[in-house]
Amino acid sequence: MSLSWPWALLALLAVPLVIAAWWWTRRRRRRGAVRVTSIALVRASLPGRNRWRRIIPAALLLLGLAVLGVGAARPQATVPVPSKSATIMLALDVSGSMCSTDVRPNRITAAEDAASAFIKSEAGGPRIGLVAFAGTAGVLVSPTTDSGSLLHALTGLSTGRGTAIGEGILTSLDAIAQVDPSVAPTGSRPAATHSRAHDVIVVLTDGSNNAGVDPQTAARQAAARGVRVFTIGYGTTNPAPLVCSNSQFGGFGAGGPGGGFGGRNPLVADYAALRQIASTTGGKFYRAQNAGQLKAALGNLSGTFRVIREHLDIAAWFAGFGGLFIAAALALSLWWNRTRPPAGRRRPRALEH
């Protein structure tokens with residue numbers, strides 16, 4: 001639970017003030033007490049009243065004041081709620097290494113199948129967009145609820161030179177900004193935010209960044225906008241032939257604009273960098289070494305996307321319960337201190353005419 005107005009907790013000072021006033025009143029009564037010769041006569045003249053009848057109303061009054069004091073600080077509860085306005089951007093690596101056959105029949109075909117299954121499972125849910133990146137990144141399908149257009153775009157993927165993971169993240173952010181006004185585009189300064197957006201980016205890659213903007217720079221841009229990035233490191237470390245169909249083949253290469261791999265194996269994902277991207281944005285990293293693990297990773301993410309955490313203002317509940325406690329204290333006090341006729345004394349009957 002969090003507080004919107006923590007300074008309003010000063011209202012809780014009313015509780016010790018009431019206790020102090022009660023103590024001061026009781027002390028004055030003792031000073032003005034009149035001595036009598038027989039306590040038994042005084043007890044006999046007073047109506048029956050036990051100690052609990054004095055304590056319970058006072059305790060309820062103090063509890064009610066304390067609850068109202070906390071309510072004045074506008075408490076908020078963080079609760080999981082289903083997301084109806086989320087946007088999911090799938091950023092797929094289509095570099096030449098995606099033709100590797102260590103994942104049958106090859107990496108790019110297995111990725112298409114897993115992404116298709118994910119899109120079908122999310123039908124009727126959040127908007128989904130599709131970004132492909134190699135040496136550069138581009139939007140294949142803007143965020144939409146039309147599963148048909150997404151599935152059709154997946155069948156036309158072709159490989160290219162380079163791996164620009166950072167560009168894939170930034171392009172996904174701009175696509176989200178077009179449909180979600182709360183997310184600023186990458187060319188503008190994001191507004192200060194203390195809560196996460198409903199939107200997420202899923203980056204699936206089998207290599208390390210060798211083109212475009214640094215992925216950590218892109219991750220910080222996403223984090224500043226409250227957008228989580230989930231990363232999937234795809235493929236194995238086993239060497240395998242590169243085989244793509246004519247429609248999938250778009251060209252290979254040792255690197256894109258900006259340099260080579262820096263001694264890294266171009267067929268192995270940079271798992272450390274992908275973990276850091278996910279950590280920076282509040283997302284999660286997955287590793288998938290085969291088609292089954294890839295589908296499982298996307299399937300596990302589905303629940304994460306559908307449920308988000310929101311801050312719910314519960315001040316009204318505190319106000320209601322605080323008022324109820326105070327009302328109960330007053331009611332019990334009035335009832336237990338009501339005037340009663342002496343025992344054995346009958347009420348006069350009405351005169352008969």
Side-chain angles (χ1 to χ4, degrees), residues 83 85-95 98 107-108 110-123 125-134 137-145 147 150-151 153-154 157 163-177 179-180 183 196-207 209 215 218-219 221-223 225-235 269-271 273-289 291-308:
S83 175
S85 59
T87 298
I88 302 172
M89 292 301 302
L90 294 178
L92 304 180
D93 185 346
V94 292
S95 60
M98 289 291 283
R107 292 179 180 180
I108 192 169
E112 290 173 353
D113 293 342
S116 297
F118 174 77
I119 291 170
K120 293 176 182 177
S121 69
E122 296 293 317
R127 298 180 296 255
I128 298 178
L130 190 60
V131 167
F133 64 90
V139 177
L140 299 182
V141 181
S142 298
T144 180
T145 56
S147 300
L150 294 165
L151 295 174
L154 285 173
L157 296 180
T163 304
I165 299 174
E167 294 290 343
I169 295 174
L170 295 182
T171 302
S172 299
L173 280 175
D174 286 332
I176 290 173
V179 296
D180 187 348
V183 177
R196 289 175 178 171
H198 294 187
D199 314 304
V200 297
I201 299 171
V202 180
V203 176
L204 189 155
T205 180
D206 70 338
N209 190 82
Q221 292 256 14
R225 290 160 175 78
V227 177
R228 292 171 294 168
V229 180
F230 294 82
T231 56
I232 301 176
Y234 183 41
D270 188 349
Y271 302 121
L274 295 178
R275 286 191 182 93
Q276 185 61 38
I277 292 171
S279 176
T280 299
T281 62
K284 191 174 181 179
F285 166 76
Y286 294 87
R287 182 173 178 180
Q289 301 185 70
Q293 291 180 359
L294 180 57
K295 289 183 178 180
L298 289 172
N300 291 335
L301 290 174
S302 180
T304 306
F305 301 148
R306 289 186 178 275
V307 179
I308 60 174

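Source: prediction; values computed, not measured.
- Under the 3.5 Å distance criterion, the side-chain polar atoms of S121 are matched with a main-chain donor or acceptor of F118.
- Between atom OG1 of residue T205 and atom CD1 of residue I165 there is a gap of 4.0 Å, rounded to the nearest 0.5 Å.
- The OG1 atom of T280 sits 12.5 Å away from atom CD of Q221, with the distance rounded to the nearest 0.5 Å.
- For the pair L92 and F133, the minimum side-chain heavy-atom distance is 4.5 Å or more.
- Results of the side chain to side chain contact (heavy atoms under 4.5 Å, CB included) test with I201 over T171, V229, T231 single out V229 as the only residue that passes.
- Here OG of S142 is found 11.0 Å from CG of D174. Values are rounded to the nearest 0.5 Å.
- A donor-acceptor pair is defined here as one N or O able to donate and one able to accept, closer than 3.5 Å; such a pair exists between the side chain of Y234 and the backbone of R107.
- For the pair A218 and L173, the tightest heavy-atom approach, listed with the atom from each and the gap, is O-CD1, 4.4 Å.
- Note that the CG atom of L157 and the CG atom of D93 stand 10.5 Å from one another [nearest 0.5 Å].
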TODO: In sequence, state the C-alpha distance, the side-chain angles, and the governing distance for R127 and T144, and then conclude on side-chain contact (heavy atoms from CB on, under 4.5 Å).
DONE: CA-CA 5 Å; R127 298 180 296 255; T144 180; 5.9 Å; no
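- Residues I169 and I277 meet the side-chain proximity criterion, which asks for heavy atoms closer than 4.5 Å.
- Results of the side chain to side chain contact (heavy atoms under 4.5 Å, CB included) test with I232 over V203, V202, L274, D206 single out V202 as the only residue that passes.
- The two residues A115 and L298 make their nearest non-hydrogen contact at N-CD1, 4.1 Å.
- Considering only heavy atoms from C-beta on, P143 comes within 4.5 Å of M89 through its side chain.
- Nearest heavy-atom pair across A91 and G168 is CB-O, 4.3 Å.
- Nearest heavy-atom pair across V141 and A153 is CG2-CB, 3.5 Å.
- Looking at every heavy atom in both residues, Q293 comes nearest to Q289 through OE1-N, 2.7 Å.
- Residue L130 is tested with L154, I88, L151 for a side chain to side chain contact (heavy atoms under 4.5 Å, CB included); the sole match is L154.
- In this structure, the side chains of L204 and L294 come closer than 4.5 Å at one or more pairs of heavy atoms.
- The CG atom of L150 lies 4.5 Å from the CD1 atom of I119; values are rounded to the nearest 0.5 Å.
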- [ ] Please lay out, stage by stage, how T163 and N209 fare under the test side-chain contact (heavy atoms from CB on, under 4.5 Å).
- [x] CA-CA 5 Å; T163 304; N209 190 82; 5.6 Å; no
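- The two residues R228 and G282 have their closest heavy-atom pair at CD-O, 3.6 Å.
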